[in-house]
Novice: 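Below is one structure. I have some questions about it.
Throughout, protein chains are lettered first and strands after them, A, B, ... in sequence-line order, and every chain is numbered starting at 1.
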Protein chains: 2
Amino acid sequence: MMRQTPAESPTFSPLYRQIKELILQALENGEWRPGEAIPSETELAQRFNVSQGTVRKAIDEMAAENLLVRKQGKGTFVASHNDPRAFFRFLRLVPLSGGIEPAKSVPLECWRAKAGPEAARILNLKLGEPIIIVRRLLEFAEKPVVVDEIYLPGETFAGLSLEVLKEHQGSLYSLFETRFGVRMIRAEERLRAVAADRTSAELLHVPEGSPLLSVERVSFTYGDRPVEWRRGLYSTAAHCYYNELS
Amino acid sequence: MMRQTPAESPTFSPLYRQIKELILQALENGEWRPGEAIPSETELAQRFNVSQGTVRKAIDEMAAENLLVRKQGKGTFVASHNDPRAFFRFLRLVPLSGGIEPAKSVPLECWRAKAGPEAARILNLKLGEPIIIVRRLLEFAEKPVVVDEIYLPGETFAGLSLEVLKEHQGSLYSLFETRFGVRMIRAEERLRAVAADRTSAELLHVPEGSPLLSVERVSFTYGDRPVEWRRGLYSTAAHCYYNELS
DNA sequence: TATCTTATATCTTGTATAAGACATAAGACA
DNA sequence: TGTCTTATGTCTTATACAAGATATAAGATA
């Protein structure tokens with residue numbers, strides 16, 4: 001196929017990686033929706049005119065990156081934030097006591113604004129382009145634990161409103177996925193410790209000035225395009241941010 | 001080889017995973033030291049009487065878990081904390097400004113004690129067994145950023161002293177590895193925001209009561225055996241804890 | 001006849017092996 | 001000293017077969 005020898009081209013990449021790129025492109029073009037099954041390895045092999053094992057290695061990598069989910073005997077599926085198992089994929093907060101508590105998102109406000117210099121830089125927009133700002137509370141076991149302020153590019157999330165947010169059940173990312181066709185692939189988080197301001201303190205039921213965990217997150221969709229910037233203040237009185245290193 | 005059919009045994013595992021287990025065992029037994037090359041895939045295939053591809057798949061998984069490092073054309077090597085590239089593997093702190101700053105560990109104290117209930121539980125020791133406690137400062141660009149209190153099982157780290165700590169260049173884990181033969185494989189971290197106590201505030205040059213990032217870490221060696229419990233207080237005035245989600 | 005069970009065919013992904021390509025380093029040789 | 005060959009690693013691709021899932025048809029049973 002389009003295989004290029006290293007001698008001829010400095011941008012050589014192995015066959016399976018070229019196939020991966022093609023599958024990624026099809027995914028990006030929405031050829032298969034989240035939750036749906038993609039064609040079988042044999043079918044893809046025929047389509048791209050390579051052997052099944054080569055397709056397999058491409059899919060292997062994409063499964064390791066949480067883009068696809070394999071199910072033996074059933075097929076390979078496009079990963080989805082609607083899957084309940086994906087709920088805690090981007091949420092590292094766990095109760096100090098150990099167990100698992102039900103989480104609930106409570107939207108507070110939703111308004112439109114123009115991108116300032118910081119939002120424009122982070123979201124890769126021009127200065128003054130429309131953005132949407134959402135404030136919401138995250139409750140664990142009926143108690144407020146996180147207050148989030150979320151900045152979204154207005155164009156891709158046109159139609160988002162407080163009502164839409166309130167109607168939706170499940171995670172924000174599942175809403176973004178089903179309603180706006182925006183799939184969050186990966187995110188970068190930066191954590192700091194800060195003192196609670198007045199309003200946050202009231203919302204989280206903690207004294208003003210008490211230490212809070214500040215979590216800034218930039219989320220990316222296909223092609224490393226940033227589509228969300230959020231800042232959360234976590235009350236770590238009864239919960240902590242859990243991370244595994246390896 | 002020792003392959004068992006699913007019908008005969010409920011604990012069936014594929015061949016490549018059995019090979020992985022054997023390699024892991026050899027690693028644990030110190031057959032090859034950190035930094036050294038393990039035998040080639042072909043050699044291992046002969047030794048275990050399987051094909052090279054099967055060994056490859058086993059090594060693939062171990063490389064993904066940071067236990068081994070592959071180098072095309074050279075060989076496969078036992079991962080080591082002496083490798084300068086591994087310095088930031090367990091340290092997620094980065095300057096807010098962006099760039100990379102040189103880090104330096106400054107040992108403060110090192111004393112012996114007996115395991116209390118918490119240390120005993122976390123380090124899997126009996127109550128009253130000997131432990132070693134280390135206090136140290138971590139400096140970035142000559143400025144104190146982290147103060148750590150580290151709890152170690154006394155038996156495995158017998159001989160550790162302030163002098164030994166001061167002599168050593170490089171990360172703590174590289175010291176543990178070369179001097180005590182203890183390789184840290186993975187770690188769990190729990191982050192919270194707390195107020196600075198008097199002594200920590202002085203050490204970090206911040207006002208007492210100002211918010212600090214508390215990072216509790218339990219590190220594990222082979223066989224998920226816990227061998228370190230540390231609590232760090234991070235000043236996030238000029239740095240932040242960086243984490244990537246996917 | 002209606003229904004439940006059990007083969008069976010045929011999809012899927014998972015596992016094992018082999019052969020050749022590519023990368024690297026060391027020694028032969030001009 | 002510099003270039004070429006060769007040995008020895010890993011990397012890539014291909015092929016064959018095993019195992020899991022599912023729908024359908026055949027058979028047993030009421």
Side-chain angles (χ1 to χ4, degrees), chain A residues 1-23 27 32 35-79 83, chain B residues 1-23 32 35-79:
Chain A
M1 50 162 318
M2 77 292 260
R3 171 74 178 268
Q4 300 169 321
T5 68
E8 296 168 6
S9 158
T11 58
F12 160 79
S13 83
L15 193 48
Y16 77 91
R17 212 170 274 268
Q18 298 177 39
I19 300 303
K20 179 183 171 186
E21 209 51 47
L22 290 175
I23 298 176
L27 224 48
W32 318 294
E36 274 183 16
I38 69 171
S40 76
E41 295 180 352
T42 344
E43 277 180 275
L44 289 172
Q46 287 176 352
R47 166 165 163 183
F48 297 129
N49 198 27
V50 298
S51 93
Q52 177 256 357
T54 304
V55 172
R56 164 156 274 270
K57 186 142 186 182
I59 292 180
D60 273 345
E61 284 202 357
M62 300 177 72
E65 293 168 13
N66 291 318
L67 294 172
L68 299 174
V69 179
R70 320 191 76 137
K71 291 181 187 169
Q72 181 168 1
K74 296 190 70 174
T76 301
F77 300 80
V78 182
D83 189 335
Chain B
M1 55 163 313
M2 77 293 258
R3 171 76 178 265
Q4 301 168 321
T5 67
E8 294 169 8
S9 159
T11 58
F12 161 79
S13 82
L15 193 48
Y16 76 90
R17 211 171 275 267
Q18 298 176 39
I19 301 302
K20 179 182 171 187
E21 208 52 46
L22 290 176
I23 299 175
W32 317 294
E36 276 183 15
I38 69 172
S40 76
E41 296 180 351
T42 339
E43 277 181 273
L44 289 173
Q46 286 175 354
R47 165 166 164 183
F48 298 129
N49 198 27
V50 297
S51 91
Q52 175 258 350
T54 303
V55 172
R56 162 157 272 270
K57 189 147 184 180
I59 293 180
D60 273 344
E61 284 201 358
M62 300 176 72
E65 294 167 14
N66 290 318
L67 294 172
L68 299 174
V69 179
R70 321 190 75 134
K71 291 180 187 170
Q72 182 168 0
K74 295 189 71 174
T76 301
F77 300 79
V78 182

Novice: So T76(A) and M62(A), do their side chains get closer than 4.5 Å, heavy atoms only?
Specialist: no
Novice: Please report the distance, rounded to the nearest Å, between CH2 in W32(B) and C1' in dG9(D).
Specialist: 16 Å
Novice: Give the rounded distance in Å between these two atoms: CG of D60(B) and P of dT15(C).
Specialist: 13 Å
Novice: Just call it for T54(B): base, sugar-phosphate, or nothing, with non-hydrogen atoms closer than 4.0 Å on any strand.
Specialist: base
Novice: Using the rule given for side chain to side chain contact (heavy atoms under 4.5 Å, CB included), can you reason through Y16(A) versus V50(A), listing the C-alpha separation, both sets of side-chain angles and the distance that settles it, and then say yes or no?
Specialist: CA-CA 9 Å; Y16(A) 77 91; V50(A) 298; over 6 Å; no
Novice: Side chains of residues 67-74 of chain A: which donor-acceptor partners sit under 3.5 Å, not counting sequence neighbours?
Specialist:
| unit_1 | atom_1 | unit_2 | atom_2 | d |
| --- | --- | --- | --- | --- |
| R70(A) | NH1 | D60(A) | OD1 | 2.5 |
| R70(A) | NH2 | E41(A) | OE2 | 2.1 |

Novice: For the atom pair CD (Q52(A)) and OG (S40(A)), what is the distance rounded to the nearest 0.5 Å?
Specialist: 8.5 Å
Novice: Could you run through nucleotides 7-13 of chain C and give me one letter per nucleotide, 5' to 3': B if any protein heavy atom sits under 4.0 Å from the base, S if only the sugar-phosphate is that close, - if neither?
Specialist: -----BB
Novice: Given atom NZ of K20(B) and atom C1' of dT15(C), what is their separation to the nearest angstrom?
Specialist: 15 Å
Novice: Please pick, from dA16(C), dT13(D), dA14(D), the nucleotide with the shortest atom-to-atom distance to any side-chain atom of K57(A).
Specialist: dT13(D)
Novice: E61(A) CD to dT13(D) C1': how many Å, rounded?
Specialist: 15 Å
Novice: At their closest point, which heavy atom of A58(B) faces which heavy atom of I23(B), and how far apart are they?
Specialist: CB-CD1, 4.4 Å
Novice: dG9(D) P sits how many Å from F77(B) CZ, rounded?
Specialist: 11 Å
Novice: Can you tell me how far CG of L15(B) sits from CG of N49(B), rounded to the nearest 0.5 angstrom?
Specialist: 9.5 Å
Novice: Taking atom C1' of dT10(D) as reference, at what distance in whole Å does atom OH of Y16(A) sit?
Specialist: 12 Å
Novice: Give, for atom CG of L22(B) and atom CG of L44(B), the distance between the pair rounded to the nearest 0.5 Å.
Specialist: 10.0 Å
Novice: How long is the span from the CZ atom in R47(B) to the CD1 atom in I19(B), to the nearest 0.5 Å?
Specialist: 10.0 Å
Novice: According to the Watson-Crick and G-U wobble definition with distances under 3.5 Å, which dot-bracket string, read 5' to 3', encodes DNA chain C, using [ ] for crossing pairs and | for pairs with another strand?
Specialist: ||||||||||||||||||||||||||||||
